[in-house]
Visitor: 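The structure follows.
Computed from a predicted structure; not experimentally measured.
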Amino acid sequence: MKFIELTLQNHTILHGFDARNQEITEAVAVETPSKKLVAVDRILSVSERFILIKYAYDRIIYWEYLDGYEEVLKKLSS
């Protein structure tokens, strides 16, 4: 399994959907960004602001990252 190191900060946790098919989310704001090793096969999508990562129990988290889009692209390509 391949991992990349990312600096992550605020995030939104998607817990699922309600009866009207609306997302049930939890916004988490952190004081200090932290470095994390992320399994590449858990990454679902990368945008200029967010990286979407899948966790156990079908939970998905939208992370804000500080590494920059081009840097993340380079890490994923190597």
Visitor: List the residues meeting side-chain hydrogen bond (donor to acceptor under 3.5 Å, both in side chains) with Glu26, not counting sequence neighbours, and say none if there are none.
Guide: His15

Visitor: Can you tell me how far NE2 of His11 sits from CD1 of Ile13, rounded to the nearest 0.5 angstrom?
Guide: 4.5 Å

Visitor: In the hydrophobic clustering (ILVMFWY, side-chain contacts below 4.5 Å, transitive), which residues join Met1, or is it alone?
Guide: Phe3, Leu37

Visitor: Nearest 0.5 Å, please: how far is CG in Asp67 from CG in Leu73?
Guide: 12.5 Å

Visitor: What pairs with Thr32 under side-chain hydrogen bond (donor to acceptor under 3.5 Å, both in side chains), at least two apart in sequence or on another chain?
Guide: none

Visitor: Assigning hydrophobic clusters by single linkage (Ile, Leu, Val, Met, Phe, Trp, Tyr; side-chain heavy-atom cutoff under 4.5 Å), is Tyr65 placed with Val28?
Guide: yes

Visitor: Can you establish whether the number of heavy atoms outside Asp58 located under 6.0 Å from its atom CG is more than 12?
Guide: no

Visitor: Kindly give the heavy-atom pair with the smallest separation between Asn10 and Val30, and that separation in Å.
Guide: OD1-N, 2.7 Å

Visitor: Using the rule that two of Ile, Leu, Val, Met, Phe, Trp, Tyr join whenever any of their side-chain heavy atoms come within less than 4.5 Å, decide whether Leu76 and Leu6 are in one cluster.
Guide: yes

Visitor: Heavy atoms, side chains only, cut-off 4.5 Å: are Leu8 and Lys35 in contact?
Guide: no

Visitor: Verify the cluster assignment for Val46 and Tyr62: are they in a single hydrophobic cluster under the rule of side-chain heavy atoms below 4.5 Å apart?
Guide: no

Visitor: Please say whether more than 12 non-hydrogen atoms of neighbouring residues, nucleotides or ligands are located less than 6.0 Å from CD in Glu48.
Guide: no

Visitor: Hydrophobic cluster membership, with links at side-chain heavy-atom distances under 4.5 Å among I/L/V/M/F/W/Y: are Ile60 and Val40 in one?
Guide: no

Visitor: Mind listing the closest non-hydrogen atom pair of Thr7 and Pro33 along with its distance?
Guide: CG2-CB, 3.8 Å

Visitor: Show the numbers, then the answer: is there a side-chain contact (heavy atoms from CB on, under 4.5 Å) between Glu23 and Phe17?
Guide: CA-CA 5 Å; Glu23 292 181 340; Phe17 296 88; 3.5 Å; yes

Visitor: With sequence neighbours excluded, tell me which residues meet salt bridge (Lys or Arg N to Asp or Glu O under 4.0 Å) with Glu71.
Guide: Lys74

Visitor: Look up atom NZ in Lys75 and atom CD in Glu70, then write down how far apart they are to the nearest 0.5 Å.
Guide: 13.0 Å

Visitor: Residues two or more places apart in sequence or in another chain: which of them pass salt bridge (Lys or Arg N to Asp or Glu O under 4.0 Å) with Lys36?
Guide: none

Visitor: Scan the side chains in residues 49-56 for donor-acceptor partners under 3.5 Å anywhere in the protein, sequence neighbours excluded, and list what turns up.
Guide:
unit_1, atom_1, unit_2, atom_2, d
Arg49, NH2, Glu64, OE2, 3.3
Tyr55, OH, Trp63, NE1, 3.2

